[in-house]
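These figures come from a predicted structure and were not determined experimentally. Lettering of chains follows the sequences in order, A, B, ..., and the numbering in each one begins at 1.
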There are 2 protein chains.
Amino acid sequence: MTQTAHTSTSPGKQMLSEQVYTHLRDAIMRGDYAPGDALKPQSLAKEQGVSLAVVRESLVRVVGEGLADRLPNRGFAVPAFSDRRWQEIAEARRTIEPVMLRMSIERGDVDWEARVRAAHHRLARTPAYVPGEGEYYSDAWAAAHRDFHRTLLEGCGNPVLLETFDRMWIASELARRWSAHRRPERDGAPEHRRLEETALARDADAAAEVLTQHLTMTAVALTDRPHHEPSVDA
Amino acid sequence: MTQTAHTSTSPGKQMLSEQVYTHLRDAIMRGDYAPGDALKPQSLAKEQGVSLAVVRESLVRVVGEGLADRLPNRGFAVPAFSDRRWQEIAEARRTIEPVMLRMSIERGDVDWEARVRAAHHRLARTPAYVPGEGEYYSDAWAAAHRDFHRTLLEGCGNPVLLETFDRMWIASELARRWSAHRRPERDGAPEHRRLEETALARDADAAAEVLTQHLTMTAVALTDRPHHEPSVDA
DNA sequence: ATCCCTTCAATAATCGATTATTAGTGTTAT
DNA sequence: ATAACACTAATAATCGATTATTGAAGGGAT
């Protein structure tokens, strides 16, 4: 018998499609699948122990977020971003985020300031690379990084703009996951510190300039690199 | 009887979910359902003569585009935008589109100029209201209107930014559909003409200013109005 | 009469099986 | 030997039916 238990206490009261969606989303972002890999509903259904409909629904959502491509009658696949596509994403961020940052600096209240400080503190104290682990950024750092950038912009107070940021961030991270190899020579920490300083000093011009530079550097770091194989294992 | 039949005339070989998705999308945008209305998979499936899975998949896509809300375990519904939400959408457009327009003016080539002229011509020659029809903008005018605004921005050459525009335009149109009643006193034609003129004259400052004004006027036109019942019967 | 508990119908969510399309494999005619 | 065609697995897309959840209606107990 399935418990009609009293709501709250039990943790698992979520739609299956939601769980599967989250799992799939994270797996793609984490790089569990290589770009171009087919996302086969049958395999996924078996792995997750759910029906095709659930997997299919999740895949459609994932496609909507730009984390997968859909080829009519040929199924779903992990998107393979071209360098061109990546540059377009980076340019879009350079176009929109500095403007949002200006709004944020103009409107942010004391609570926003506090959250910026907190987010920067967490970011600065989180190691970007786990020694033993793979060669990529740690999950914790990636989360702290996103949180810092988002918090900076949250002062603008406009959910629509923040949704746009979220969307571009996701695309950006996915592209980075597959383009970037660790570049020890690039250290974003000073840039983040200057972002925090200028933002809290309410110096919109300086902050916007720093952010633009930061985004440009990131884009350059991903493009200006020797060719490398798209091959992946693990 | 399974269809998939020789779809009569056209060589159209399209997935059912695509057709249903398009139909649903258009129906919501056209205002066939009132805000808050439940979108019941069973009813829709029967109407369209397809299975639940297909309708469900379409609904998930529609939710992804912001054209429907999903209430866990309580189904789907047409979103009911608050005035606050609408203002946020309008502000987001005012924040992003002028910047895109500047890029467009700076980068657009001769072909872009030609397409701007063509789009404006079509918009200017399309009657906004069909005399006999309902009290709302004609479908043809709505399409021409969108096309003009999008073409203006297409010179920027960045698909990511244009996707953002598309997303915001959809939200904007949906809000307008349910907020706006015909306001004969507001005539956008002169503003559109000035937009075309300043853009083709490559006067980025003037064009951005005109666009900002245009968007502000539109937002005001939708907010500054007497209360009206959300009730609808169709 | 009000509140709480049970029962019940509507429908959301999920499943297992069916049909349709694609890409590959092998065959045959030139 | 090659190119067009038939055949065949693999799997994408769809369907019909089952299970689970919700909100409302009814039935005592205080």
Side-chain angles (χ1 to χ4, degrees), chain A residues 1-25 28 33-34 36-64 67-80, chain B residues 1-8 10-25 28 33-34 36-64 67-79:
Chain A
M1 83 192 297
T2 51
Q3 79 301 339
T4 321
H6 300 305
T7 59
S8 51
T9 57
S10 117
K13 218 39 177 179
Q14 211 177 11
M15 289 191 301
L16 276 182
S17 58
E18 188 71 18
Q19 300 173 227
V20 173
Y21 160 74
T22 301
H23 175 85
L24 195 55
R25 185 177 180 286
I28 295 174
Y33 308 103
D37 271 9
L39 295 168
K40 303 186 185 179
Q42 299 224 19
S43 316
L44 294 169
K46 211 160 250 180
E47 290 173 25
Q48 301 292 317
V50 297
S51 73
L52 284 180
V54 172
V55 172
R56 198 149 247 283
E57 194 172 306
S58 303
L59 281 168
V60 169
R61 283 182 67 182
V62 165
V63 168
L67 284 175
D69 290 337
R70 182 169 195 177
L71 317 162
N73 285 325
R74 251 188 283 167
F76 304 85
V78 178
Chain B
M1 61 193 80
T2 51
Q3 62 297 321
T4 310
H6 16 41
T7 321
S8 56
S10 82
K13 217 48 163 160
Q14 213 177 12
M15 292 189 301
L16 276 182
S17 58
E18 188 71 18
Q19 301 173 228
V20 173
Y21 161 73
T22 302
H23 175 85
L24 195 55
R25 186 177 178 285
I28 295 174
Y33 308 102
D37 271 8
L39 295 168
K40 302 186 185 177
Q42 299 225 16
S43 315
L44 294 169
K46 210 159 250 180
E47 288 173 26
Q48 302 290 318
V50 298
S51 74
L52 284 179
V54 172
V55 171
R56 201 148 244 284
E57 194 172 306
S58 303
L59 281 168
V60 170
R61 283 181 68 182
V62 165
V63 168
L67 284 175
D69 291 336
R70 181 168 194 178
L71 317 163
N73 285 326
R74 254 186 283 166
F76 304 85
V78 178

Worksheet, complete the sentence: In B/S/- notation (B base, S sugar-phosphate only, - none; protein heavy atoms under 4.0 Å), nucleotides 10-16 of chain C written 5' to 3' is -SSBBB-
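In this structure, A/Glu57 CD and B/Leu59 CG are separated by 9.0 Å, a value rounded to the nearest 0.5 Å. Once rounded to the nearest 0.5 Å, the distance linking OH of A/Tyr33 with CG of A/Leu24 reads 6.0 Å.
In this structure, B/Glu47 has no salt bridge (Lys or Arg N to Asp or Glu O under 4.0 Å) partners at least two apart in sequence or on a different chain. In this structure, the side chain to side chain contact (heavy atoms under 4.5 Å, CB included) partners of B/Ala53, at least two apart in sequence or on a different chain, are B/Ser51. Remark: A/Gln42 pairs with no residue by the side chain to side chain donor-acceptor pair (under 3.5 Å) rule, at least two apart or across chains. Contacts of A/Gln19 classified as side chain to side chain donor-acceptor pair (under 3.5 Å), with partners at least two apart in sequence or in another chain: none.
Between the B/Ser17 side chain and the B/Ser58 main chain, no donor and acceptor come within less than 3.5 Å of each other.
For the helix from C/dA1-D/dT30 to C/dT30-D/dA1, the end axes, each set by the C1' atoms of five terminal pairs, are bent relative to each other by 0° (nearest 10°).
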